[in-house]
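Please read the structure below before turning to the comments.
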Amino acid sequence: MDEISIKQARQITLHAAGFGHGFTADQSGMDALIRKIGLLQIDSVNVFQRSHYMPVYSRVGKYSQSDLDALTLATQPKFIEYWAHQASFIPLEDRHLFHPRMTWYRDRFHKKPAAERKPIQQLMDWIVKELEANGPMRINEFEHDLNKRKSTSWWGWSDLKVAAERLFFMGTLTSAGRHNFQRRYALAEQVVPVEHLQSRLSDEDAQDELVLKSLRHLGLATVDQIADFYRFYPTEIRDNIRRLQDAGKIIQVSVENQPKPVYIIPGTTEPAPFSVNAILTPFDQVVWHRERAKWLYDFDYKIEIYVPEPKRIYGYYSLPIMLENELVGRVDLKHERKEGTLLVKSVWQENPEHKYQIGPIAVLLRDAAEWVGAEKISVESKGNAAASLKKALK
């Protein structure tokens, strides 16, 4: 391909992101899907649905959440938590690739002044001993034991959480699933098979592999976008890019509307045509990099959870809508669980003149309501597509 068009780039990147493969909505299909897309980002917001459930739904349709929980939240999960693209579920066998990051967190902590480090170190040591004695524990179980055994005034809940998270970043602790979505902390050796505890790669090779994996999961990308996948700074991976390019493991290509260098894995071809109609989470790799979404889809997307309500344009939890491989709108959803209602707080089209999109959007919302167990859909008046959607849903 002399120059990759935007249309071709969308097909390549969506295919790399797990669309168009026909993954099945059972545990084996979900296992294969997560490995294809690389990770599931975790977010605590549950206003519509917790975010890590959404990428699977967007790609396979309605599925049993208990099947995904069996892969991610069990005591011995196949996908384990680490700080990959923020907090994420990653394949267990990928954990060793983050050992250099774990070492960096340990080194940074030990460089702190002794007076600042000592109190938190004492608490970290206590947490490790508790886990050695009791096995995996949630933070409230630590708190219960601490109140029974310790009376030191500065050891409060926030101190416990900070200490546990430090140990999690350092790799001393990991997750042994969750209970009521609270992480069950465990010593790494209590969960991670011994063959994955010790890295088999140098720091340089581990980072090379993460850069390659980023590009495989993105399909094609700029340096900034590759770096963002596993949360590196672009300057951190420039040597990796150069080394991988010299080795012929990645090549540079020209892509429409992108002045920056774009990289791709050699042999990547445009997949057979497929069409995506889906509601996405804000934490889907299709949209989580704002400049990438703007470049590939002309879609300027910013999650407004942290925007003060009077300044929000589209809504608190506005989800991108994709029709026929284009991002055509956004919908702010809330699952009113007690009332059994999927509340559409606002719905917007990028081009409100495209009335033909309303029917497919209504279909997506009916499916979403059924998936989360809502018996009815209620549409509020906010948004340039609200009135049309109300009519379509009737």
Side-chain angles (χ1 to χ4, degrees), residues 41-59 61-62 276-394:
Q41 186 177 340
I42 304 167
D43 189 79
S44 61
V45 175
N46 197 24
V47 62
F48 165 61
Q49 181 57 280
R50 294 197 191 278
S51 185
H52 72 280
Y53 292 112
M54 283 292 295
V56 177
Y57 171 68
S58 300
R59 290 153 176 80
K62 290 169 281 189
V276 177
N277 286 8
I279 297 173
L280 307 178
T281 172
F283 307 108
D284 195 299
Q285 63 202 67
V286 175
V287 293
W288 70 30
H289 192 281
R290 191 173 182 181
E291 290 180 6
R292 182 175 170 87
K294 180 67 175 172
W295 163 44
L296 289 173
Y297 299 99
D298 195 25
F299 190 74
D300 190 5
Y301 182 64
K302 177 184 178 182
I303 188 169
E304 296 183 311
I305 288 175
Y306 306 110
V307 176
E309 186 171 0
K311 296 184 178 181
R312 289 179 195 143
I313 299 171
Y314 299 108
Y316 176 80
Y317 201 65
S318 184
L319 308 175
I321 302 169
M322 177 169 281
L323 294 179
E324 298 181 0
N325 300 1
E326 294 187 8
L327 291 171
V328 302
R330 52 199 100 194
V331 59
D332 186 18
L333 295 179
K334 183 178 183 181
H335 183 196
E336 298 282 9
R337 292 166 175 82
K338 289 184 179 179
E339 293 78 13
T341 300
L342 180 62
L343 180 60
V344 181
K345 297 178 68 65
S346 72
V347 58
W348 305 80
Q349 287 177 271
E350 294 297 285
N351 189 338
E353 294 181 4
H354 291 171
K355 299 299 183 185
Y356 63 87
Q357 294 172 347
I358 296 298
I361 291 172
V363 170
L364 289 175
L365 289 172
R366 288 193 185 100
D367 285 346
E370 184 178 343
W371 178 53
V372 298
E375 298 174 357
K376 56 186 177 180
I377 302 173
S378 177
V379 183
E380 296 186 350
S381 58
K382 185 176 180 180
N384 61 18
S388 299
L389 182 64
K390 273 187 179 181
K391 292 179 182 178
L393 288 169
K394 286 181 180 179

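Index from 1, following the sequence.
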| If you look only at pairs with a residue in residues 379-389, which of them pass as a side-chain hydrogen bond (donor to acceptor under 3.5 Å, both in side chains), with sequence neighbours excluded? | none
| task | Would you sort out whether Y297 and V287 count as a side-chain contact (heavy atoms from CB on, under 4.5 Å), showing the intermediate values? | result | CA-CA 9 Å; Y297 299 99; V287 293; 5.9 Å; no
| side-chain hydrogen bond (donor to acceptor under 3.5 Å, both in side chains) with S51: which of D43, D284, T281, N46? | T281
| task | Answer yes or no: is there a side-chain heavy-atom contact under 4.5 Å between I279 and D367? | result | no
| said: Quick check: closest heavy atoms across L319 and M54, and the distance to 0.1 Å? | reply: CD1-CE, 4.4 Å
| query | So H335 and V47, side-chain contact (heavy atoms from CB on, under 4.5 Å) or not? Walk me through it. | reply | CA-CA 6 Å; H335 183 196; V47 62; over 6 Å; no
| request: Any chance you could measure L343, atom CG, to K376, atom NZ, to the nearest 0.5 Å? | output: 11.0 Å
| said: Run the ring pair (Phe, Tyr, Trp, His ring centres under 6.0 Å) test against H289 and tell me which residues pass, sequence neighbours left out. | reply: none
| said: With rounding to the nearest 0.5 angstrom, report the NZ to OG distance, K390 to S378. | reply: 7.5 Å
| CG-CD distance between L333 and Q49, expressed to the nearest 0.5 angstrom | 11.0 Å
| Result of checking L327, V286, V331 against P320 for side chain to side chain contact (heavy atoms under 4.5 Å, CB included) | L327
| field | Residue pairs fulfilling side-chain hydrogen bond (donor to acceptor under 3.5 Å, both in side chains) with at least one residue in residues 305-321, sequence neighbours excluded | value | none
| field | Expected output: side-chain Y57 to main-chain A368 donor-acceptor under 3.5 Å | value | yes
| task | Measure the spacing between CG of L389 and CD1 of I377 and express it to the nearest 0.5 Å. | result | 8.0 Å
| What salt bridge (charged side-chain N to carboxylate O under 4.0 Å, His left out) pairs are there with at least one residue in residues 331-347, not counting sequence neighbours? | K334-E336
| Is a donor on one side and an acceptor on the other found under 3.5 Å between the side chain of Q357 and the backbone of L323? | no
| field | With E291 via salt bridge (charged side-chain N to carboxylate O under 4.0 Å, His left out) - residues at least two apart | value | K260
| remark: d(R330 CZ, I321 CD1) to nearest 0.5 Å is 9.5 Å
| message | How long is the straight-line distance from CZ of F48 back to CH2 of W371, given to the nearest 0.5 Å? | response | 6.0 Å
| field | Contact summary for A374 and T341, nearest pair of heavy atoms | value | CB-C, 3.9 Å
| message | Are the side chains of V276 and R59 in contact, using a 4.5 Å heavy-atom criterion? | response | no
| task | Have a look at F299 and tell me which of E350, E326, K294, M322 forms a side chain to side chain contact (heavy atoms under 4.5 Å, CB included) with it. | result | E350
| message | The criterion is side-chain contact (heavy atoms from CB on, under 4.5 Å); which residues satisfy it with A386, sequence neighbours excluded? | response | V347, V379
| query | So do the side chains of R290 and D300 get within less than 4.5 Å of each other, counting heavy atoms only? | reply | yes
